[in-house]
Amino acid sequence: MIVNNHHLKTPVTISEVKLGIPNDYKLKCIDEIYKLGDSQDKTTNVKAIMTSYFLWKESKTFDILFDKILNLIISLKKPFNPTKEYKLIEAWGAIYKKGHYTIPHGHGLFSTSFVYYLKSNGSTPLIFDEVGFQANAKDDMLIIFPSYLIHSVPIHNDKEDRVCIAGNISYDEK
């Protein structure tokens, strides 16, 4: 597994990790997000099709993926914070059709946020507005970043949908 860390403004680190999730499992996850549909009606910062904030409670399909993501985040964070217990607080699916976008926002109430790309050709980036960095993530790429970072997604102009799962991790002291 290769982890590319981008040290932008100390101590800001954005990590990109190719997870190696099998394609047939990714397709099951994509199908499930389409099946769950839009729960938010574009009332959040995400102006795209968006599931509820509790994707793992709505479907067991995502259990393997969330376990892998959470375990990876714990392995990256734990050496620096050994007394903290990390847990998934929110996770949602998003389908970006042509014309969809996300307005700049942060997730300040949490410690770590992530976006995992189930289907993306990299042409619609995840932009970290404050630090001047953009991630042109493609299929199977996980982006991990501090929750307070302001981020956005420009208008999706592709004919093909962009499908991802995003979420927030928090921690408690042991």
Side-chain angles (χ1 to χ4, degrees), residues 1-21 26 29 40 44-48 50-51 53-56 62 65-96 100-158 162-174:
M1 178 181 311
I2 298 171
V3 175
N4 295 317
N5 291 321
H6 304 277
H7 302 280
L8 303 170
K9 289 184 179 178
T10 304
V12 176
T13 300
I14 297 170
S15 301
E16 297 176 349
V17 182
K18 194 101 165 151
L19 287 186
I21 301 294
K26 285 191 300 181
C29 291
Q40 306 298 332
T44 72
N45 297 309
V46 178
K47 305 306 179 191
M50 183 179 160
T51 69
Y53 287 102
F54 305 102
L55 192 58
W56 73 96
F62 305 99
L65 181 59
F66 287 136
D67 283 347
K68 185 154 183 135
I69 290 170
L70 186 58
N71 287 332
L72 176 64
I73 290 172
I74 290 168
S75 74
L76 293 173
K77 301 282 183 184
K78 201 74 162 171
F80 304 102
N81 299 297
T83 63
K84 295 181 178 168
E85 289 293 326
Y86 293 88
K87 59 185 174 181
L88 181 64
I89 304 297
E90 295 179 338
W92 58 94
I95 301 165
Y96 289 79
H100 288 170
Y101 62 97
T102 297
I103 62 175
H105 68 286
H107 304 200
L109 299 175
F110 305 99
S111 66
T112 303
S113 296
F114 66 87
V115 182
Y116 175 70
Y117 294 86
L118 291 157
K119 181 179 177 188
S120 176
N121 64 15
S123 66
T124 304
L126 174 60
I127 298 174
F128 294 93
D129 303 83
E130 293 177 306
V131 295
F133 179 74
Q134 69 179 34
N136 296 325
K138 294 185 177 183
D139 293 1
D140 195 42
M141 183 64 69
L142 175 68
I143 310 295
I144 304 166
F145 56 96
S147 297
Y148 64 82
L149 275 184
I150 303 298
H151 55 284
S152 63
V153 176
I155 292 173
H156 182 65
N157 286 314
D158 289 348
R162 174 185 184 266
V163 183
C164 60
I165 293 175
N168 294 309
I169 307 290
S170 202
Y171 58 82
D172 291 322
E173 294 291 335
K174 280 187 184 177

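Heavy atoms only: backbone and side chains are in, while hydrogens, waters and symmetry mates are out. Values in this document were obtained by computation on a predicted structure and should not be read as measured data.
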>> Between Phe114 and Leu88, is the side-chain contact (heavy atoms from CB on, under 4.5 Å) condition met? List the steps.
In response: CA-CA 11 Å; Phe114 66 87; Leu88 181 64; 3.8 Å; yes

>> Which label fits Phe66 and Phe62: parallel for a plane angle under 30°, tilted from 30 to 60°, or perpendicular past 60°?
In response: tilted

> Minimum heavy-atom separation for Ser170 to Ser111, with atom names?
Replying inline: CA-OG, 3.8 Å

> Do side-chain atoms of His100 reach the backbone of Ile155 as a donor and acceptor pair under 3.5 angstrom?
Replying inline: no

> Are any of the side-chain heavy atoms of Phe145 and His107 separated by less than 4.5 Å?
Replying inline: no

> Roughly how far apart are Asn168 CG and Ser147 OG, rounded to 0.5 Å?
Replying inline: 5.0 Å

>> Closer than 3.5 angstrom, by distance alone: can the side chain of Ser120 be matched with the main-chain N or O of Lys138 as a donor-acceptor pair?
In response: no

> Minimum heavy-atom separation for Leu72 to Ser75, with atom names?
Replying inline: O-OG, 2.7 Å

>> For a quick test of reading the model, state the closest non-hydrogen atom pair linking Pro154 to Pro125 and the distance between them.
In response: CD-O, 3.3 Å

>> Would you compute the distance between atom CG of Asp139 and atom CG of Leu19 and round it to the nearest 0.5 angstrom?
In response: 12.0 Å

> Do Glu90 and Phe110 come close enough that some side-chain heavy atom pair is under 4.5 Å?
Replying inline: yes

> Is any side-chain heavy atom of Leu126 less than 4.5 Å from a side-chain heavy atom of Val153?
Replying inline: yes

> Just how far is it from atom OG of Ser113 to atom CD1 of Ile89, taken to the nearest 0.5 Å?
Replying inline: 11.0 Å

>> Working to the nearest 0.5 angstrom, can you tell me the gap between Ile165 CD1 and Lys26 NZ?
In response: 11.5 Å

> Looking only at atom types and distance, does a side-chain atom of Asp140 sit under 3.5 Å from a main-chain N or O of Ile21, one as donor and one as acceptor?
Replying inline: yes

> For atom OH of Tyr86, is the number of surrounding heavy atoms from other residues, nucleotides or ligands below 6.0 Å larger than 12?
Replying inline: yes

>> Could you check whether any side-chain heavy atom of Tyr101 comes within less than 4.5 Å of a side-chain heavy atom of Thr124, counting everything from C-beta outward?
In response: no

>> Is it the case that the side chain of Glu130 and the backbone of Ile150 share a donor-acceptor pair, with hydrogens and angles ignored and the cut-off at 3.5 Å?
In response: yes

> Are side-chain heavy atoms of Arg162 and Lys119 found at a separation under 4.5 Å?
Replying inline: no

>> Would you compute the distance between atom OG1 of Thr112 and atom OH of Tyr148 and round it to the nearest 0.5 angstrom?
In response: 10.0 Å

>> So, taking the atom named CG in Asn136 and the one named CD1 in Ile127, what distance separates them when rounded to the nearest 0.5 Å?
In response: 8.5 Å

> So do the side chains of Ile169 and Ile144 get within less than 4.5 Å of each other, counting heavy atoms only?
Replying inline: no

>> Any non-hydrogen side-chain atom of Phe128 less than 4.5 Å from a side-chain atom of Ile143?
In response: yes

> Under 30°, 30 to 60°, or over 60°: which ring-plane class applies to Tyr53 and Trp92, parallel, tilted or perpendicular?
Replying inline: perpendicular

>> Looking at every non-hydrogen atom in both residues, tell me the closest pair between Cys29 and Leu118 and how far apart they are.
In response: CB-CD2, 3.9 Å

>> Is there a side-chain contact between Cys164 and Tyr96 in this structure, where contact means two heavy atoms from C-beta onward sitting under 4.5 Å apart?
In response: yes

